[in-house]
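Both backbone and side-chain heavy atoms feed into the values below; hydrogens, waters and symmetry mates do not. Computed from a predicted structure; not experimentally measured. Counting starts at 1 for both ligands and their atoms, in listed order.
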Amino acid sequence: MTGRGGKIDPVGDLLAISDLHISYAENKDIVRDLRPGAPDDWLIVAGDVAEQVADVEWTLGLLAERFAKVVWTPGNHELWTMPADAVQARGVERYERFVELCRKLGVVSPEDEYPVWEGEGGPARVAPMFLGYDYTFRPEGAATKEEALKIAHASGVVCTDEYYLHPDPYETRDDWCRARVAHTEARLTAAADPEKPFVLVNHYSTSREPTRVLRYPEFAQWCGTELTADWHTRFPTAVMVYGHLHIPRITHYDGVKFQEVSLGYPREWRKHGHPHGLLRKVLPVRERV
Ligand SMILES: [Fe+2]
Ligand SMILES: [Fe+2]
């Protein structure tokens, strides 16, 4: 659209959603109806699309046809290797399958150059990240990963990742996380530009703070890493977009907006409907929607 003075007016919105969990038929129906509001809308998909590779392909393919750009980052569910999945790849190999799939579909993954959003609230550099967790969001009384896990097992709150999310060829999920953090930190350092602040995108919040409201504090150990605690202040950041907690809301830490954009399971959204809408507007940051 051309505005007064021949300048190009930004059109479209930078939108986000996560935790589509399309193995639930009702969620798949919702995804089938997701459409942009304007032809230039971008969509961030912050993980937990589905467990099966074919379901992830169906979803990202559909969204890539509709939105001007789709940016994806993996959740823990994509990285589960379920016995029923035709693709039995584990760990890094599984993640790389998804990156390949994204390239085929024209979807931006954490392994691509970070695209710059020039529309409303921009310019901003959209940085999809795959960071994982390292059991450092430990419950009270636990000084080590082993102690944290012991408390979780005693209370019966154990993340299914322990059974299906394999870190191969890394020995542990926390080893994989530390490698991902180092890799991502170097990329953010190289791309940092205060003129184009980051839209940080990760399945988990980079700050532990959002996990403080979890009903079961033992679960936080599967929700991120202390290694990224200061990233929203260390790097120029417009907003941090995350999911996983299934607690959609906006909070601010050190003046930076953190936005949880999950759809969640039908049993969760049936209770309250979708008070924040389905597609959450990420920019401009002044809008507290
Ligand atoms: Fe989820
Ligand atoms: Fe998740």
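- Under a cutoff of 6.0 Å and an axis angle of 45°, K69 and W117 do not form a cation-pi pair.
- Within a radius of less than 2.8 Å around the Fe ion (ligand 2), the protein N, O or S atoms are D48 OD2, N76 OD1, H203 NE2, H244 ND1.
- In this view, T172 and D174, D175 satisfy the side-chain hydrogen bond (donor to acceptor under 3.5 Å, both in side chains) rule, not counting sequence neighbours.
- For H21, the N, O or S atom with the smallest separation from the Fe ion (ligand 1) is NE2.
- Of the possible donor and acceptor atoms, none in the side chain of E93 sits under 3.5 Å from a partner among the backbone N and O of A89.
- Counted by atom type alone, D161 and Y133 present one or more donor-acceptor pairs between their side chains at under 3.5 Å.
- Taking the six-membered ring where tryptophan is involved, the planes of H77 and H21 are perpendicular, since the angle between them exceeds 60° and thus also 30°.
- By the 30° and 60° cut-offs, the orientation of the rings of H244 relative to Y204 is perpendicular.
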